[in-house]
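Encoded as structure tokens, the structure appears first; notes follow it.
Everything numeric here is computed off the predicted structure, so don't read it as measured data. Counting begins at 1 with the first residue of the sequence.
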Amino acid sequence: MPVYLDNSATTAVAPEVLDAMYPFFIEEMGNAQSVHTFGQRAKSAVENARRLVAGLIGASPAEIVFVSGGTEADNLAITGVARAYAAYGRHIITSAVEHPAVLSTCSSLESEGFEVTYLPVGRAGVVRSEDIRAALKDTTVLISLMYANNETGVVQPIAEAGAIVQEARRTVNPHLYFHTDAVQAAGKINISLSELGVDLLSISAHKIHGPKGIGALYVKKGTRLAKLIHGGHHERDRRAGTENVPAIAGFGKACEIARVSLNEHSARMNFLRDRLESGIAARVEDVGINGDPALRLPNISSMSFGGVDGESLLIALDLKGVAVSTGSACSSGSLEPSHVLTAMGLSREEVRGSIRFSLSSFTTQDEIDYAIQTVSETVEHLRRMTPLESEPHPAATRA
Ligand code: PLP
């Protein structure tokens, strides 16, 4: 049976989401900017979806900007704030374990003359408040700290960081803004903006059973952003381009389902993720969980198998119908060791032997039980074939 456990890379579109999108491809084809009735119906679908997206995170609809996905949301937040407030300072704080959408944006700003501090994490994968405080300067205009990590599921202390930002705005730099990449966290844990002190927050539809290629940036009222995409006055002049009405309608539906079913879905994913971990741990020796097990999203498990090469395990599991990942979808295939696990201080051997399982609300107990059995057998098989060694065999590296 094919078992898809790579839901942090992307999820299947929910049938209700597909139904919500369908009319906007065909009979409701209007451009949301058009004055005629077709256009007005498209516009009202966009505004309805905006309310539903806002509802998932406790924002007001006017604070939601539709963009092409999590990557663009991160780019717009970071580059948008950095350029808009450059006159007040050119220093940015982020963490070493962010998604490439954040890290590459920061490094691109470094080449424009911005200075970036990359906060370290400990073995648990968590940023420490003291390190945030110590990194603050009177030139810091932005802190970007992910809500939950895409490789380990580890949740960062966002409310604590938000409180530090509010204090620093009074004492260090009044033009300091706080962005969080909540692409993995949204729909998995309750996000309530009123408790967070966050100014900008990124989300993406395809991680929560919505379509690919649509996402949103929450921008707190009063936060200025330099534009990245120039053209018409769409999205309150923040993001030009004809609205992707079917995708936006589907995104709204996905957020509505995620909000209504959050507790039930999270509890079920948590139960199945724990079953997967304990089932494998009961059958396989020398296996560890990466990141603080108590501080994780309910649907992600990053496990390290001693004496096993993660890429080989991934391929062997794929042949048996179990889809997993060795890191984020964006960096897999690069053969670079995971920057997240490396930053957490795992040894090369541990990083090399790690794979990520990620569940969705569609994952069933039968699938998990099949995965437990298949993973256990495959790990044992690989260990019998390749004796324990700390470095890959030179011939294997060349192949
Ligand atoms: N941020 C995080 C934490 C992610 O996991 C991802 C996708 O894997 C992204 C950003 C990028 O989102 P998108 O695929 O919608 O561009």
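- Under a 3.5 Å cut-off, the side chain of N299 and the backbone N or O of S360 do not form any donor-acceptor pair.
- To the nearest 0.5 Å, atoms CG (L200) and OH (Y177) are separated by 9.5 Å.
- Criterion: ILVMFWY side-chain heavy atoms under 4.5 Å apart, direct or through other members. Under it, F251 and V183 are not part of a common hydrophobic cluster.
- Using a 4.5 Å heavy-atom cutoff, the side chains of E72 and R239 are in contact.
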Side chain to side chain contact (heavy atoms under 4.5 Å, CB included) between E264 and V260, worked out: CA-CA 9 Å; E264 182 201 329; V260 172; over 6 Å; no
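- For OH of Y22, the number of neighbouring non-hydrogen atoms (other residues, nucleotides, ligands) closer than 6.0 Å is 12 at most.
- Aromatic ring centres of F66 and H234: separated by at least 6.0 Å.
- At least one donor-acceptor pair under 3.5 Å links the side chain of H209 to the backbone N or O of A12.
- Residue-environment remark: CD (E285) stays at or below the threshold of 12 foreign heavy atoms within 6.0 Å.
- Checked by atom type, the side-chain pair E350/S347 shows a donor-acceptor distance below 3.5 Å.
- Under the 4.0 Å criterion applied to side-chain N and carboxylate O atoms, E16 and K253 are not assigned as salt-bridge partners.
- S266 places a side-chain N or O within 3.5 Å of a backbone atom of K188 that can act as its donor or acceptor partner.
- Under the side chain to side chain donor-acceptor pair (under 3.5 Å) test applied with E151, the options S302, S8, S338 reduce to a single match, S338.
- Side-chain contact of D74 with S202: a donor-acceptor pair under 3.5 Å is present, judged by distance alone.
- Side-chain contact between R51 and I64: absent, with no pair of heavy atoms (C-beta onward) separated by less than 4.5 Å.
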Audit row: N173, T140, side chain to side chain donor-acceptor pair (under 3.5 Å) steps and yes/no: CA-CA 7 Å; N173 182 1; T140 313; over 6 Å; no
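- Salt-bridge check for R133 with E167: failed, with every basic side-chain N at 4.0 Å or more from each acidic carboxylate O.
- Residues I300 and N149 come closest through the heavy atom pair CD1-O, 3.8 Å.
- Between K320 and T374, some side-chain heavy-atom pair lies under the 4.5 Å cut-off.
- Between atom OG1 of residue T105 and atom NE2 of residue H99 there is a gap of 10.5 Å, rounded to the nearest 0.5 Å.
- Proximity of a side-chain donor or acceptor of T180 to a complementary backbone N or O of Y147 within less than 3.5 Å is detected.
- Judged by the 6.0 Å distance and 45° axis criteria, R83 is not positioned over the aromatic ring of F114.
- Considering all non-hydrogen atoms of both residues, V245 and A42 come closest at CG1-O, 4.0 Å.
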Q40 and T37: CA distance, side-chain angles, deciding distance, side chain to side chain donor-acceptor pair (under 3.5 Å) verdict: CA-CA 5 Å; Q40 290 314 298; T37 308; over 6 Å; no
Residues K221, D199; criterion salt bridge (Lys or Arg N to Asp or Glu O under 4.0 Å); working and verdict: CA-CA 8 Å; K221 193 165 177 275; D199 304 297; over 6 Å; no
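- When D6, L317, V375 are each tested for a side chain to side chain contact (heavy atoms under 4.5 Å, CB included) with V324, only one passes: L317.
- Checking side-chain atoms of S104 against main-chain N and O of P100 turns up a donor-acceptor pair under 3.5 Å.
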Intermediate values then yes/no, side chain to side chain donor-acceptor pair (under 3.5 Å), T11 and H206: CA-CA 6 Å; T11 57; H206 74 105; over 6 Å; no
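- L109 is listed as a side-chain neighbour of I92, based on a closest heavy-atom distance under 4.5 Å.
- Summarising the geometry of L145 relative to A161, their closest heavy-atom pair is CD2-CB, 4.0 Å, with the distance given to 0.1 Å.
- Taking each heavy atom of F178 and G197 in turn, the nearest pair found is CD2-O, 3.4 Å.
- Counting heavy-atom neighbours within 6.0 Å of H233 NE2, excluding the residue itself, gives a total of 12 or less.
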Criterion side chain to side chain contact (heavy atoms under 4.5 Å, CB included) on E63 and K220, from CA distance to verdict: CA-CA 6 Å; E63 296 171 312; K220 189 176 180 178; 4.1 Å; yes
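- With hydrophobic clusters built from ILVMFWY side chains whose heavy atoms lie under 4.5 angstrom apart, V284 shares a cluster with V322.
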Worked verdict on E277 versus R296 for salt bridge (Lys or Arg N to Asp or Glu O under 4.0 Å): CA-CA 13 Å; E277 289 180 343; R296 291 181 300 164; 2.8 Å; yes
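- Counting non-hydrogen atoms of other residues, nucleotides and ligands closer than 6.0 Å to CZ of R224 gives a total above 12.
- Side chain to side chain, E367 and T363 fail the donor-acceptor criterion of an N or O pair below 3.5 Å.
- Remark: side-chain polar atoms of D309 are paired, donor with acceptor, to backbone N or O of S312 under 3.5 angstrom.
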Full working for side chain to side chain donor-acceptor pair (under 3.5 Å) between S304 and N290: CA-CA 7 Å; S304 167; N290 302 322; 4.6 Å; no
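- Residue-environment remark: CZ (F38) stays at or below the threshold of 12 foreign heavy atoms within 6.0 Å.
- Looking only at atom types and distance, the side chain of E98 has a donor-acceptor partner in the side chain of S95 under 3.5 Å away.
- Using a 4.0 Å cut-off between a side-chain N of Lys or Arg and a carboxylate O of Asp or Glu, R50 and E243 do not qualify as a salt bridge.
- When every heavy atom of M21 is checked against every heavy atom of G250, the shortest pair comes out as CG-CA, 3.4 Å.
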From CA spacing to verdict: side chain to side chain contact (heavy atoms under 4.5 Å, CB included), D181, L201: CA-CA 6 Å; D181 174 341; L201 180 145; over 6 Å; no
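- Between the side chains of H91 and T139, not a single donor N or O lies within less than 3.5 Å of an accepting N or O.
- The shortest heavy-atom contact between I78 and C106 is CG2-SG, 4.3 Å.
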